[in-house]
Amino acid sequence: MIDLVQSLLPMKLDVYRQIDSQNANTGAIVKSWVYYKTVDCHAKGNISNSSSNTNTDRQSFNNKYKNEQSLQIRTEERITLREKITNIRDMNSNAIWTELNYPSDTPTVFEITGSTPIVDPFGKVIAYNSTATRSENQQIE
């Protein structure tokens with residue numbers, strides 16, 4: 001029997017946390033990403049029939065090609081701005097958002113742009129809604 005959490009958060013995603021270190025030779029700050037954990041979630045793309053900036057997918061050609069995607073994600077735990085998410089998958093572990101330009105449909109990497117708590121009528125935080133946008137850098141090193 002499926003429990004309540006599984007029915008509300010039927011997907012999973014992988015969270016990568018930012019680690020800062022300093023290069024001993026140059027003194028430059030080096031940012032790297034390490035796997036942190038897998039969490040249950042519910043994700044959906046932003047859909048709009050207007051000309052606002054909340055459209056889920058948008059490609060533009062200017063001086064630089066841009067491929068923009070935006071998602072709304074609900075999780076039990078807060079995901080911070082210092083984390084990236086990837087490998088959003090369904091209950092059968094099939095990746096839902098993938099990069100078509102890579103040879104093997106690599107899962108898309110997203111950056112968190114904001115997070116807000118969801119509270120019950122008694123003021124207790126029960127979940128978090130986060131907004132994520134497609135990361136320009138699709139490699140997590």
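The chain is numbered in sequence order, starting from 1.
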Shortest non-hydrogen separation from His42 to Pro10 and the atoms involved
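In terms of heavy atoms, the two residues are closest at CD2-CD, 4.1 Å.
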Between Lys37 and Glu83, does at least one N-O distance fall below 4.0 Å, as a salt bridge requires?
no
Considering only NZ, NE, NH1 and NH2 on the basic side and carboxylate oxygens on the acidic side, decide whether Lys12 and Asp40 come within less than 4.0 Å.
yes
Validation row: [X], [Y] side chains within 4.5 angstrom (heavy atoms):
X: Ile112; Y: Ile85; result: yes
X: Arg134; Y: Trp97; result: no
X: Glu99; Y: Val109; result: no
X: Thr106; Y: Gln139; result: no
X: Tyr128; Y: Ile79; result: no
X: Phe110; Y: Lys84; result: no

Output the distance between atom CG (Leu81) and atom OG (Ser115), rounded to the nearest 0.5 Å.
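One finds 8.0 Å between CG of Leu81 and OG of Ser115.
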When rounded to the nearest 0.5 angstrom, what is the spacing between OH in Tyr35 and CG in Asn87?
9.5 Å
Full working for side chain to side chain contact (heavy atoms under 4.5 Å, CB included) between Asp20 and Arg82
CA-CA 10 Å; Asp20 294 332; Arg82 291 181 55 89; 3.4 Å; yes
Side-chain donor or acceptor of Asp90 paired with backbone N/O of Asn92 under 3.5 Å:
yes
Check step by step if side chain to side chain contact (heavy atoms under 4.5 Å, CB included) holds for Asp14 and Arg89.
CA-CA 9 Å; Asp14 294 336; Arg89 54 202 182 274; 3.3 Å; yes
Have [X] and [Y] got a donor and an acceptor in their side chains that come within less than 3.5 Å?
X: Arg74; Y: Asn129; result: yes
X: Gln72; Y: Thr131; result: yes
X: Ser135; Y: Glu111; result: yes

Only one of Leu13, Val15, Leu71 forms a side-chain contact (heavy atoms from CB on, under 4.5 Å) with Cys41, so which one is it?
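In the set Leu13, Val15, Leu71, the residue that makes a side-chain contact (heavy atoms from CB on, under 4.5 Å) with Cys41 is Leu13.
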Check for me, please, whether Leu8 and Val125 land in the same ILVMFWY cluster - side-chain distances under 4.5 Å, paths through other members count.
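Different clusters.
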Shared ILVMFWY cluster between Leu9 and Val119, side chains joined below 4.5 angstrom?
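Unlinked, Leu9 and Val119 end up in two clusters.
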